[in-house]
Amino acid sequence: MPPPADIVKVAIEWPGANAQLIEMDQKRPLSSIIREVCDGWSLSGSEQFALRYADGPQLYITEQSRGEIKNGTILRLAISPARAARQLLERIQSHVIDARLEALKELAKLSADPTFAAEFINMEVQLDLTMMILCIFGEMLAFTLTAFLELMDHGIVSWDLISLSFIKQIASYVNQPMVDVSILQRSLAILESMVLNSHSLYHRVAQEITVGQLIGHLQLLLKDSLCRGSDLSLRFSFFQHVIRGNRPIKAEMAHQLYVLQVLTFNLLEERMMTKMDPNDQLNVFKLIYCRTFTLSLFKIQNHVNPAMDFTQTPPGMLALDNMLYLAKVHQDTYIRIVLENSSREDKHECPFGRCAIELTRMLCEILQVGELPNEGCNDYHPMFFTHDRAWEEFFCVCIQLLNKTWKEMRATAEDFNKVMQVVREQITRALAMKPASLDQLKNKLRGLSYSEILRLRQSERMSQDDFQSPPIIELRERIQPEILELIKQQRLNRLCEGSCFRKLGNRRRQEKFWFCRLSLNHKVLHYGDLEESPQGEVPFELLSDKIPVSDIKSVVTGKDCPHMKEKSALKQNKEVLELAFSVLYDPDETLNFVAPNKYEYCIWTDGLCALLGREMGSDLTRSDLDTLISMEMKLRLLDLENITIPDAPPPVPKEPSSYNFTYNYS
């Protein structure tokens, strides 16, 4: 038969005696239980004793808190809070310095207990502590400040009763250039509590403490409180001096910034873990508001009752909050995403609602929302300190990235997880660059397109430890000339096949074309006009003009091309500018090209450079070189899989002592 619910089994300790194992009846008065325990150890005056927890904060147990005692709890018999307060007060008033120091240490520890704090404050010694703070120094002062802060934090005494002289004294500790770290931390914590708990004290503190005085050793509790309660000019001044100042941020300051960042994001945990109530009319209205712009493109998983998608935690209601912020604050962006999706084929539409929910969950994981700060970690992001709604703005940037990546990957619903993996990698790589603002984050993400992510993945695979050993590097160097020669031959073969180019002129006229190809012996460029775009190769006989390769002096690209300089309209067309190149040949003549696309541009500029004996430097050549070397290396190393390649070749054996030996072939 299970024991009654009002009975808990506990152990009670007393120094120098065996512990008592008792069954505590929660219906009995606590004083009766203490009397019984004292009788067990033959202790008189049970009213002078109390029970405390033996582990953790070791708080006193009262009639109000006794319900928290669980089976197996270890308790300790101790002197009552009132008696402890009287004894500590007597020791604090002692003339023996060591006795006072030990008493203040114990007071700093006991003051965290609300029961003891009430007894101590009832003795009307709060004023004595403030007077002590005004006239003591060193380690004793640190413990006194701690005790004062703990006592005030219980809310028994109003902060409005603090005198101006006391504020000035605490501020003086902060303003001192050389002050003990423990005193500095406790002083800042007291000032922070003043700012948070009293509007009148905020103005007094602001008069005593300025941002400039805090730069050298400012702790973030006070900084954040001042910034939250201040006007925009003070907030701007703080970020200009601390986050973006010329002075390097030291390790301690970096850690405090990291802690502030973590604690700020942890404020989102409640919404992240809150499930949507389908019967809550306000939440339903928010969902309807978001769907108003997206119409059928909202696309979440539960089509019958969309509210059910927000019952999963994380991200819970935080996902809906983000979507609502985007729809209200960045309505143009919201509508643009919707319109972009409406113009795509049905199978390539990006399911906005599902993406927003999954993206919110991903961002919570990346920024570790809900997790405690790590000791010694300095990984903070400056951009999150530059905006009042940094989290929401960060989401708005990332949802645009997701939509862009979905388009680049030409993804379908089946590719949803693949897209989210790429987006996670884009975001983590951009955050690792520590952008100083959200605008810089956008620029970083703009450079991390899907193709760039693929290139980085390939590059990182090649730069693994196995590919960095000296033998592998030497093999790569030997292979590279062969691969470059292969690429060169491919480029020249494409030039021999030839390409069709549009003639630049008035767009209102009918488009004209011309064709250019390299002779099979690589000695002459043949070109000529055509009436229409050809289907396949054009015979050499139809190309009336030619340029000997030996007459070619150089190849120029972009804005250096003569036809880009001549026509200002073309010069302003960035797309045309990136596809333009010219052949300069004797005597001061040019043959101007505008490639139909980037691929043809790379093929022709590489091929012409190869003809002139110059390096092929296009993006296509670098990509082809990496791909072909990677494939060739893997093929050659297939037989060495799971075999450790030594960094140095094996030593050559010593010469034999005698060469008088033969080999018997029989």
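In what follows, every heavy atom counts, from backbone to side chain, and hydrogens, waters and symmetry copies are set aside. Predicted model, so just to flag it, every value in this text is computed and none were measured.
At distances below 3.5 Å, not a single donor-acceptor pair connects side-chain atoms of Asp415 with backbone N or O atoms of Lys418. Between the side chain of Gln440 and the backbone N or O of Ala436, at least one donor-acceptor pair lies under 3.5 Å. Judged purely by atom type and a 3.5 angstrom limit, His381 has no side-chain atom pairing as donor or acceptor with the backbone of Met383. Looking at Glu452, its side chain never comes within 3.5 Å of a backbone N or O of Gly447 through a donor-acceptor pair. When atom types are taken as modelled, the side chain of His526 and the backbone of Lys546 share no donor-acceptor pair closer than 3.5 angstrom. A donor-acceptor distance shorter than 3.5 angstrom exists from the side chain of Gln400 to the backbone of Cys396, with no hydrogens or angles considered. Judged by distance alone, with hydrogens and angles left aside, the side-chain atoms of Thr605 form a donor-acceptor pair with the main-chain N or O of Cys602 at under 3.5 Å. Using modelled atom types, no side-chain atom of Ser623 and backbone atom of Asp619 make a donor-acceptor pair closer than 3.5 Å. Using modelled atom types, one side-chain atom of Tyr258 and one backbone atom of Asn374 make a donor-acceptor pair closer than 3.5 Å.
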**Item:** Verdict with reasoning, Arg361 to Glu365, per salt bridge (charged side-chain N to carboxylate O under 4.0 Å, His left out)
**Value:** CA-CA 6 Å; Arg361 180 186 292 109; Glu365 293 174 357; 5.4 Å; no
**Request:** Starting from the C-alpha separation in whole Å, work towards a yes-or-no answer on side chain to side chain contact (heavy atoms under 4.5 Å, CB included) for Leu318 and Trp391.
**Result:** CA-CA 11 Å; Leu318 188 59; Trp391 165 265; 3.7 Å; yes
**Request:** Any chance you could lay out the side chain to side chain contact (heavy atoms under 4.5 Å, CB included) test for Ile427 and Phe394, step after step, and finish with the verdict?
**Result:** CA-CA 10 Å; Ile427 294 171; Phe394 183 49; 3.9 Å; yes
**Message:** Let's go through Tyr527 and Phe501 carefully: what are the C-alpha distance in whole Å and the side-chain angles of both, what is the deciding distance for side chain to side chain contact (heavy atoms under 4.5 Å, CB included) to 0.1 Å, and is it a yes or a no?
**Reply:** CA-CA 10 Å; Tyr527 66 97; Phe501 300 92; over 6 Å; no
**Request:** Please test Asp439 against Ser437 for side chain to side chain donor-acceptor pair (under 3.5 Å), starting from the C-alpha separation and ending with a verdict.
**Result:** CA-CA 5 Å; Asp439 288 335; Ser437 65; 5.0 Å; no
**Request:** Walk me through it: do Glu600 and Arg494 pass the test side chain to side chain contact (heavy atoms under 4.5 Å, CB included)?
**Result:** CA-CA 9 Å; Glu600 289 292 333; Arg494 280 287 291 108; 2.6 Å; yes
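Looking at Ile603 and Gln490, their side chains come closer than 4.5 Å, going by heavy atoms from C-beta outward. Looking at heavy atoms from C-beta onward, Ile487 lies in side-chain contact with Leu628 at the 4.5 angstrom threshold. Using a 4.5 Å heavy-atom cutoff, the side chains of Ser582 and Leu591 are not in contact.
One finds the SG atom of Cys561 at 8.0 Å from the CG atom of Leu577 (value rounded to the nearest 0.5 Å). In this structure, the separation between CG on Leu324 and OH on Tyr334 is 8.5 Å, given to the nearest 0.5 Å. Between Asp529 atom CG and Leu542 atom CG the span is 12.0 Å, to the nearest 0.5 Å. Taken from CG in Leu431 to CG in Leu367, the straight-line distance is 6.5 Å, to the nearest 0.5 Å. Going from atom CG of Leu495 over to atom CD of Glu497 covers 9.5 Å, rounded to the nearest 0.5 Å.
Checking Tyr450 against Gln426 by side-chain atom types alone, no donor-acceptor pair falls below 3.5 Å. Side-chain contact of Gln421 with Glu425: a donor-acceptor pair under 3.5 Å is absent, judged by distance alone. A side-chain N or O of Ser618 and one of Thr621 form a donor-acceptor pair less than 3.5 Å apart.
Here the closest non-hydrogen pair linking Arg517 and Gly498 is CB-CA, 3.4 Å.
Shown are Leu611, Leu608, Val524, Asn493; of these, the side chain to side chain contact (heavy atoms under 4.5 Å, CB included) with Leu518 is made only by Leu611.
The distance between the ring centers of Trp406 and Phe352 does not fall below 6.0 angstrom. Taking the six-membered ring wherever Trp is involved, the centroid distance between the rings of Phe265 and Phe384 falls below 6.0 Å.
Relative to the ring axis of Phe416, Arg354 places its NZ or CZ within 45° and under 6.0 Å from the centre. A cation-pi contact, defined as under 6.0 Å to the ring centre and within 45° of the axis, is absent between Arg502 and Phe513.
For the pair Arg336 and Glu340, the salt-bridge criterion is met [side-chain N within less than 4.0 Å of a carboxylate O]. At a threshold of 4.0 Å, the pair Lys553-Asp588 counts as salt-bridged, since one of the basic side-chain nitrogens sits closer than that to a carboxylate oxygen. One finds a salt bridge joining Asp624 and Arg491 here, because a Lys/Arg side-chain nitrogen approaches an Asp/Glu carboxylate oxygen to under 4.0 Å. One finds no salt bridge joining Arg622 and Glu615 here, because no Lys/Arg side-chain nitrogen approaches an Asp/Glu carboxylate oxygen to under 4.0 Å.
Ring planes of Phe593 and Trp514: tilted class, angle from 30 to 60°.
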